[in-house]
Amino acid sequence: MTTLTDPPKASFRLSMLLYDTRYRSTTIQVIALMAFMLGAAWLVNNVIVNLAAAGKTFDYGFLGEASGYDINQRLIEYNSQSSHLRAAVIGLLNTLLVAALGCVLATFLGVTIGVLRLSTNWVISRLAAVYVEMFRNVPVLLWIVLIMAATSHTFPQPKDFKGENATAHMQLFDSIAVTNRGVYTPEPLFSTGLGDVAIFPERGTKACDAYYAGSDDAKVIKLGKYCGSFQISLDLIAILAVLFAGLMTSKLIANRATQIQATTGDRPTVWYWRLGVVAIPMLATLWVLGFYLGYPALSEKGITRFEGGIHLRSSLLALWLALSLYTAAFIAEIVRAGIMAISKGQSEAAAALGIRPSRTMKLVILPQAMRVIFPPLISQYLNLTKNSSLAIAVGYMDVTGTLGGITLNQTGRELETILLLMLCYLLISLTVSTVMNAYNERTKLKER
């Protein structure tokens with residue numbers, strides 16, 4: 001109900017969308033969204049028109065075709081008759097392998113060097129500073145090529161290990177061979193293993209169809225191991241399951257000890273229980289599976305080379321070391337900044353209680369510094385993963401070298417391969433960010 005004193009309500013006008021503060025922000029956002037959608041529509045239409053003019057279609061059918069090329073470093077079975085999809089999977093696994101190894105080594109080196117930079121010893125702190133400035137101010141590609149060249153020209157050739165007057169010898173009880181082609185280490189084998197299981201079997205070829213039909217032909221059986229897009233070792237699954245169960249039991253024991261300490265003030269000694277519930281079941285599992293080591297050995301005929309064992313190629317080692325050393329320089333500065341962000345009174349209080357400097361750093365300073373260190377640390381992990389795309393410079397076949405390199409050149413499907421390659425890196429980055437952010441949220445200090 002209105003009265004004579006109430007002011008008349010203003011009617012809505014189109015000019016209010018721009019000049020009225022209640023609508024202006026919404027109007028601008030709608031206009032920006034429409035412009036973005038129009039730009040995306042124009043881009044998609046332009047791609048469709050150009051593909052039609054070139055006589056091409058947008059499809060991923062080429063992933064099922066035979067790749068026609070070999071991959072030297074691989075974690076699963078592969079040959080030149082395998083599909084482009086399988087080649088892409090192997091490249092992706094190689095990317096994940098070097099990224100995981102790099103993140104672990106870079107974190108260890110970065111934390112160590114970051115702490116050493118704050119050392120009161122002038123020589124140690126300056127050496128750490130030289131390391132940081134040297135590695136982070138030189139492009140990582142140059143470090144990759146330099147380390148690859150150093151390993152290729154420094155280490156002995158396989159033929160140097162041969163004969164009575166050999167100039168090179170295997171290390172660690174004749175179990176490891178370090179050559180200019182890489183490092184050969186013992187491989188885990190199982191005499192009574194559970195075998196493998198094929199996931200996403202590839203069908204359509206005569207050999208694969210015969211293999212899955214239960215053919216007794218030796219040649220078909222030999223080629224059959226390449227018919228699964230991905231094969232999982234049941235022995236590995238069993239070992240991981242036992243290890244996971246042991247770790248969870250160990251954690252329960254530790255939690256129980258913490259509860260007793262909170263109640264009585266005394267913490268019981270449980271380290272041998274925690275070690276036992278992990279080690280004993282694991283050793284029993286390995287014994288049941290018939291675990292033994294297969295050692296590398298020189299071939300007795302043909303080209304002089306090592307056979308057996310695990311071959312870590314020079315390209316993998318060069319890429320791993322270069323990415324780790326390069327990223328460690330940035331992590332060291334992050335760690336140093338995080339430690340310096342903690343009040344000096346924390347160290348003084350710990351010293352007043354008689355705590356040794358090493359334990360002060362481990363139990364007092366670093367746990368508080370982690371909330372400063374963790375966010376930029378995630379970015380360095382992502383940078384290391386994306387920098388692994390430089391692997392092709394030393395011949396390491398990662399996902400960029402397989403899917404974005406040879407597969408692209410052979411099939412001419414540049415749009416499909418690049419989009420799929422971008423999706424791979426996007427999913428890796430989002431997964432790493434999600435996991436690391438969840439861990440950061442779980443472990444950060446809870447303030448009242």
Side-chain angles (χ1 to χ4, degrees), residues 99-121 124-125 128-129 131-132 136 244 246-275 277-278 324 327-384 431-448:
L101 294 175
C103 288
V104 173
L105 183 57
T107 301
F108 173 77
L109 293 176
V111 172
T112 303
I113 296 169
V115 173
L116 293 179
R117 283 214 63 184
L118 298 174
S119 173
T120 55
N121 187 306
I124 292 178
S125 63
Y131 171 89
V132 170
R136 72 174 182 172
F244 179 78
L247 293 175
M248 289 297 101
T249 306
S250 176
K251 185 177 180 180
L252 292 176
I253 295 175
N255 293 339
R256 176 60 178 170
T258 301
Q259 294 175 359
I260 295 175
Q261 181 182 13
T263 303
T264 64
D266 295 327
R267 185 178 183 85
T269 303
V270 295
W271 65 265
Y272 49 87
W273 287 105
R274 298 185 62 186
L275 179 62
V277 297
V278 175
S324 301
T327 308
F330 293 90
I331 295 178
E333 289 298 276
I334 293 172
V335 172
R336 183 174 70 93
I339 294 175
M340 294 180 66
I342 305 303
S343 173
K344 190 176 181 181
Q346 297 290 320
S347 301
E348 295 174 346
L353 294 173
I355 303 177
R356 295 192 302 271
S358 59
R359 293 184 63 84
T360 299
M361 180 61 67
K362 178 181 178 182
L363 302 177
V364 179
I365 304 301
L366 281 180
Q368 297 183 72
M370 286 305 296
R371 56 181 176 178
V372 180
I373 295 172
F374 224 86
L377 182 64
I378 299 174
S379 298
Q380 292 305 318
Y381 286 165
L382 299 180
N383 290 337
L384 187 149
T431 301
V432 172
S433 298
T434 301
V435 173
M436 298 298 290
N437 284 323
Y439 179 80
N440 183 37
E441 187 68 23
R442 181 180 177 183
T443 58
K444 72 178 183 179
L445 294 178
K446 304 295 190 300
E447 299 181 357
R448 296 181 179 178

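Remember, it's a predicted structure, so these values are computed and weren't measured experimentally.
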For residues 351-367, which side-chain donor-acceptor pairs fall under 3.5 Å, sequence neighbours excluded?
from	atom 1	to	atom 2	distance (Å)
Thr360	OG1	Arg356	O	2.9

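Considering all non-hydrogen atoms of both residues, Phe108 and Thr112 come closest at O-OG1, 2.8 Å. Across Ala328 and Tyr131, no two heavy atoms sit closer than the pair CB-OH, 3.6 Å. In plain terms, the two heavy atoms of Ala369 and Gly338 that are nearest each other are CB-O, 3.4 Å. Between Leu382 and Ser433, the shortest heavy-atom contact is CD1-OG, 3.4 Å. A pairwise comparison of heavy atoms in Val372 and Ala341 identifies CG2-CB, 4.3 Å as the closest pair. When all heavy atoms of Ser324 and Gly102 are compared, the pair lying nearest together is OG-CA, 3.4 Å.
In this structure a side-chain-to-backbone donor-acceptor pair under 3.5 Å is missing from Ser250 to Gly246.
One finds the CE atom of Met370 at 6.5 Å from the OH atom of Tyr439 (value rounded to the nearest 0.5 Å). Between atom CG of residue Leu377 and atom OG1 of residue Thr327 there is a gap of 10.5 Å, rounded to the nearest 0.5 Å. Within the model, atoms CG of Leu118 and OG of Ser125 stand 9.0 Å from one another, a figure rounded to the nearest 0.5 Å. The line from CD1 of Ile113 to CD1 of Ile331 is 9.5 Å long, rounded to the nearest 0.5 Å. Taking SG of Cys103 as the reference point, atom CD of Gln380 lies at 10.0 Å (rounded to 0.5 Å).
Residues satisfying the side-chain hydrogen bond (donor to acceptor under 3.5 Å, both in side chains) test with Ser347, not counting sequence neighbours, are none. By the side chain to side chain contact (heavy atoms under 4.5 Å, CB included) test, Val270 is found to be paired with Ile253, Ala257, Pro268, Arg274, residues two or more places apart in sequence or in another chain being considered. Scanning for side-chain hydrogen bond (donor to acceptor under 3.5 Å, both in side chains) contacts around Thr107 gives Tyr381, with sequence neighbours left out. With sequence neighbours left out, the side-chain hydrogen bond (donor to acceptor under 3.5 Å, both in side chains) criterion links Glu333 to Arg117, Arg336. Annotation: side chain to side chain contact (heavy atoms under 4.5 Å, CB included) contacts of Ser379 (sequence neighbours excluded): none. The side chain to side chain contact (heavy atoms under 4.5 Å, CB included) search around Thr258 returns Arg267, not counting sequence neighbours. Asp266 is linked by a side chain to side chain contact (heavy atoms under 4.5 Å, CB included) to Thr264, counting only residues two or more places apart in sequence or in another chain.
Among pairs with a residue in residues 328-348, those fulfilling ring pair (Phe, Tyr, Trp, His ring centres under 6.0 Å) read Tyr326-Phe330, at least two apart in sequence or across chains.
Atom CE of Met248 sits in a crowded spot, with more than 12 heavy atoms from other residues, nucleotides or ligands closer than 6.0 Å.
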